[in-house]
Structures are given as C-alpha cells and as structure tokens.
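Notes to accompany the following structure.
Values in this document were obtained by computation on a predicted structure and should not be read as measured data. Residue numbering restarts at 1 for every chain, and letters A, B, ... go by the order of the sequence lines.
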2 protein chains.
Amino acid sequence: MLSIGEFSKACGLTVKALRFYHERGVLTPAKVDPHSGYRYYDEHNLETAHVIRALRDLDFSLDDIAQVLENCDDDRDAVAYLENHKRQLAEKLDHYRDLIHKIDRLVTQQQQTREDVAMNQASFEIEERQTEPMLVAGLRMTGRYCDMGKGFGQVARKVGRHIAGKAMCLYYDGEYKEEGADFEPCFPIRKAVEAEGLHVRELPAARCVTLIHRGPYDTLSRSYARALAYAKDKGYELDLPSREVYLKGPGMIFKGNPKKYLTEIQLPIKPT
Amino acid sequence: MLSIGEFSKACGLTVKALRFYHERGVLTPAKVDPHSGYRYYDEHNLETAHVIRALRDLDFSLDDIAQVLENCDDDRDAVAYLENHKRQLAEKLDHYRDLIHKIDRLVTQQQQTREDVAMNQASFEIEERQTEPMLVAGLRMTGRYCDMGKGFGQVARKVGRHIAGKAMCLYYDGEYKEEGADFEPCFPIRKAVEAEGLHVRELPAARCVTLIHRGPYDTLSRSYARALAYAKDKGYELDLPSREVYLKGPGMIFKGNPKKYLTEIQLPIKPT
DNA sequence: GCTTGACCCTCCCGCTACGGGAGGCTTTAC
DNA sequence: GTAAAGCCTCCCGTAGCGGGAGGGTCAAGC
C-alpha cells in the first residue's frame, strides 16, 4: 500500500492528476482511510495507472480511457479503440495540414504582391502592351460592383490551391453601371480544373492600353478617363471585355490602406 | 450603426462571440448606450470583425489576434505573425503524426502477435530447430530479472520505429540467478541503427532445443526443466546465451492475462 | 508525550473560446 | 397599449489538470 505521493513517483503521474482520476472514477485507490481521507494504492492500481499513462500519451480523453478500462483486459481488445482514436487524430492532422497550407498560400501571395509592387513602382504612365494568354477561372455575374468581393470569395474557395496570380476582373459593359453591371471576377490558375458554376478557359492574348491606378477604387474613373482619352487620341477602337488586375488591393486578412492600392487597367485594342 | 444581432448576421460571428470579444477587448463596439447597455457596431468594426474571423479560421488565439490587430494594418505586417503561427501549427502537426505512427505500430504489432499465436497454437512440444540469423539491438544488463522491463523500455525508445519482431532476451548465465543475473533484453530490427549504449549486431543462426511455454513467467522453470531433461536425454551439450522469445507477453498498454502468455525457450546446442 | 516538518486533505480559481440558459430590461411593430 | 423580439448581465459547463489557501495527519526525534 502506497500513499499518493509514493504512488505518484512509482507511476509517473502527478498527485494532482491522481486525485483528479479518482474523482472522475478512472483510477480509484485500493483503499481510502475513512477518517483521514488519505488515499492508498496497491499493485493493481499501478497496472491501471500504466494503462492510463500509455493512453494519455496517445492523447486519449479520460472518457475514452474509462471505456477502454471497462471493456479491455488486453492490448488485443483495445485495437478497435486504437483504430477509432487514430481516425480522430487523422482528422486533426488533416485540419492542421490544411491550415498550414492556407498560411503558406497567404505568405507566398503576400511576397508575390510585394515583388509586383516593387516592379511596377516606377511606371504609372499609360503604356501599350501585349498581354500574355492565361488560364483563368471566372464567375460571370450581373449586379453591383460592390458584390464583386463575394464573387471572388466563391471562386477562391473553389479553386483555392490552384490560384497562380493576382485577382482580376473582366468587364463586359462598355460603361460604368450602378446596377445590372455585367462583370466576371476571376483568378489565373495553374492548370484546368473542373468547378461547377465557374467558367474555366484560356484568356486570349490582346494588345492593350494599360495604366496602373494608385489609390482607392472610387477614384478609378479618373484613371479610366485618362486611358480612354489616350485611346481616342490615338484613334484606337476598344474591345470588350476590358480588364482590371488587382496588383495590390484588400488583403486576405486586412483591408489595408486604400491609398496604397494598385490596380492595372487593361483596355484591349480592337485589331485593325 | 447596427445592433449586435444585425452585426452578427453581417459578419458571421455569433452574438455570444461578439460579446466575448468585447469583454476581451479585441472588438470594442463603436458605441455602447450607457443607459441600456446595448452595443452598436459600425463600418470599422465590420473590418476588424473580418480580420478576427480570418485569423480565428487559421486557429489564432484571441491573444495573438489582439497583438496582430494592434501591430498590423496590412497583410504584409501580418506575415511575421503568420510565419510564427505556422511554426506552432507545424509542431502540433508533427505531434499528431507521431501519435498516429505510434498507434500504427501498436496495431501492427498486435496483429503480428495474433498471427504468431495462431501459428504456434498447435505445438507445445519440444522440438529441435535451426534458428534464422537476425539483426538485433540489445542492452546487456546485470541485476534482477524483474528489471528487464525497464531494459526493454529503453531499447524500445531508442530503436522504436525500426523494431521488426517480438521482444526477446538473451541469458548469459547457465543457471537461474536471483540477483546479479547477466542478461540482455533485445529487439529484432529491420536495419542497423546507431544507438548509444545499445549493442547492435547480427545474432548468429544456431540449432536449438525449443519449447513454447504457456503461462506466467514464474512457472517458466518447469518448461526449462523439461527442455533440459530432453537435451540431457539426447546427450546434447548446451551453449550460451540461451534465448527467450516473448511471443505473447504483457502488451504495450495492458499487462494482459499471464495465463495466456506464450514464451519460446531456445537452448542452443553446442555443435559437435 | 510533544514538537516539527513532511505529507495529505478539501475546496476554489485559473486556463480557451465560447454555448446554453435564467431572469430581467428595451426596442419595435402593430 | 401591448406583445414579441431583441438585448442585457450573470452563472455554469466544457478537458485536464496546475497553483494555492487553509487545515488535518503521520512519522521521527527529543
């Protein structure tokens, strides 16, 4: 018969834990002095204690341990519980793996943005440029521009891990529309994915009038005006859809400072 | 200004959570009516709420979120926190992966034991057999047999994932010794591992008198007597170390029922 | 027999991030 | 004016203990 302190040393469980196990009924001492309330443990308790320790080390809950103790005499009986517990652990594992991947994506996106910004920092002038063809997944929608965020959210959720570049939006109207606008938020993706509701295809190359707009979205019209004036000046006829590429916009976590947003406007020139 | 219920719908956080965030100071409503105590939230709160949601989805603690909110205006500022958090998640990931491996090992060992037992169930008679050479890691010790368990524990901890078969023990004394016995608990392993304090080598093949003992260890002497009598009868001279292979003994979790233990005794015959 | 120090006891609070519910105001709609 | 819905605070519960307060018990030495 060992006192709780001696037993604690013998089995490697803390005194606090032993008292708690007693209270929860998973490890009842062989004898409790009714006068002093002192707990005394025997050989059989030691065995149970070892079992509890082994199972706690495997992250079993006390309730599960109680079940195992009740139904098993043998490692063999415990196999079903072990398998079951393993499944639960595997779920947690997947969960954490998923979170780590998400963080990874956030960080690399952030890095990408920083590089893009650094690269484009010099030129805020109107340019003519040939865009590269790219594979995109988009969600065509009709409504107000402020609902665009939800569209991006939906697309991102569906093609999440295949995203290969900056968010962009295609505009199928030739003008600014308060309501009933026809536009398509999309993401460049690495490889063709099937996703219901999404339009996945290669966006063709096009010669464009481009301009990087710096500042909040509600001042975009000024930059549009400049680009359109330039095109008119050159006598270009413009094509649809026009594009906006969100080089630096609201982050995945923070909205950030709208004064620092960078948006590239791309107005395709109708080939002559 | 939205009431807490409306705001809850707007940001996707529960009313309970919002009150809790207020109490913890991570999301203070724009206005609190001093008379009624009603909380009212504004546009800026909505932004903060989104940040909190994004970070909670990544399993950030509220304390960490508070720090991020205090020090970051931008996804870019948050990168360091994300990296840090990722490290913590990676630790958990490793932890769970480790546990799953441990469970796997337990289960496969258990299965192995079952198969071994099924195979050996028929024969409890004395046999002569050539043992196969095998790679083992052992810990030679001097003392009492009851300390053998600790020896197995040490060996198992060091070569854990390389264990390839049943625990066994080599006996270097020609007789039973109460104290000062010279023996070596060891495990067969898959490939040579370096482990300080352990003796890793190939155990040579040997022709043996073998016998499977069923029951607790304190009745082993009867089986030894039978095997020794057989050897004497045949006129064999015996070699050292003799071996015991623990086909079915105390499990990794449960001690199990000693009456069901199976132990193979192997007494090497000195080549003539 | 007495003291002392080590050991043990039973509460109670703390941690995370809320959820559930009781009991009581306030606001809003009809 | 009234009723329903919404809001408030306060308290308890979660898992598995750790820390500590305040007080009883045990064994040994004098």
Exercise for the section: For the residue pair L55(A) and I253(B), establish whether any side-chain heavy-atom pair is separated by less than 4.5 Å. Expected result: yes
Exercise for the section: Report yes if some heavy atom in the side chain of M148(B) is under 4.5 Å from a heavy atom in the side chain of C169(B); otherwise report no. Expected result: yes
Could I get a table of every N or O pair under 3.5 Å where one atom is in the protein and the other is in nucleotides 28-30 of chain C?
none

Practice task
Can you sort out which residues in residues 44-70 of chain B have a heavy atom within less than 4.0 Å of DNA chain D? Ascending by number, please.
Solution key: none
Problem - Of residues 87-100 of chain A, the positions that come close to DNA chain D - non-hydrogen atoms, cut-off under 4.0 Å - result: none
Completion exercise
Hits for side chain to side chain donor-acceptor pair (under 3.5 Å) against E244(A), two or more places apart or cross-chain, chain-then-number order -> Y171(A), Y224(A), Y246(A)
Practice task
Could you check which residues of residues 4-15 of chain A get a heavy atom under 4.0 Å from DNA chain C? Sort them by number, please.
Solution key: I4(A), G5(A)
Problem - pair L58(A)-L82(A): side-chain heavy atoms closer than 4.5 Å - result: yes
Exercise for the section: Using a 4.5 Å cut-off on heavy atoms from C-beta on, say whether the side chain of L46(A) contacts that of D42(A). Expected result: no
Problem - Gap between atom SG of C11(A) and atom CD of E6(A) - 0.5 Å precision - result: 12.0 Å
Exercise for the section: Please state how far atom CE in M1(A) lies from atom C1' in dC7(C), giving the value in whole angstrom units. Expected result: 18 Å
Practice task
Supply the atom-to-atom distance L18(B) CG to E23(B) CD, rounded to the nearest 0.5 angstrom.
Solution key: 13.0 Å
Pairs under 3.5 angstrom, nitrogen or oxygen only, protein versus nucleotides 11-13 of chain C, please.
none

Problem - Side-chain N or O of R39(B) closer than 4.0 Å to phosphate OP1/OP2 of dG6(D) - result: no
Practice task
Starting from C1' on dA27(D), measure out to CG on D33(A) and report it in whole angstrom.
Solution key: 15 Å
Practice task
Check whether any side-chain N or O of N45(B) sits under 3.5 Å from a backbone N or O of A30(B) as a donor-acceptor pair, and report yes or no.
Solution key: yes
Problem - CD1-CD distance between I163(B) and Q109(B), expressed to the nearest 0.5 angstrom - result: 6.0 Å
Completion exercise
Residue pairs meeting salt bridge (Lys or Arg N to Asp or Glu O under 4.0 Å), one or both in residues 68-80 of chain B, sequence neighbours left out, come to K248(A)-D74(B)
Completion exercise
So CG of L93(A) and CG of L99(B): to nearest 0.5 Å the spacing works out to 10.0 Å
Problem - Qualifying ring-ring contact (aromatic ring centres under 6.0 Å, His included) pairs, either residue in residues 23-51 of chain B, two or more places apart - result: F7(B)-Y41(B)
Completion exercise
What residues 18-28 of chain B contributes to the DNA chain D interface at heavy-atom separation below 4.0 Å is R19(B)
Exercise for the section: Calculate, to the nearest 0.5 Å, the distance between atoms CG and CD belonging to L2(A) and E43(A) respectively. Expected result: 8.0 Å
Handout entry: Pairing residues for K102(B) by the side chain to side chain donor-acceptor pair (under 3.5 Å) criterion, not counting sequence neighbours
Key = none
Problem - Contact list for residues 62-116 of chain A, test ring-ring contact (aromatic ring centres under 6.0 Å, His included), sequence neighbours left out - result: F60(A)-H85(A), Y96(A)-Y96(B)
Handout entry: Short side-chain N/O contact to dC7(D) OP1/OP2 from S3(B), under 4.0 Å
Key = yes
Exercise for the section: Working to the nearest 0.5 Å, report the span between CD of Q88(B) and CG of D64(B). Expected result: 6.0 Å
Exercise for the section: May I have all residue pairs that pass side chain to side chain donor-acceptor pair (under 3.5 Å) and include part of residues 139-162 of chain A, sequence neighbours excluded? Expected result: R140(A)-D182(A)
Problem - side chain to side chain donor-acceptor pair (under 3.5 Å) assessment of T113(A) paired with Q110(A) - result: CA-CA 5 Å; T113(A) 298; Q110(A) 189 46 42; 4.8 Å; no
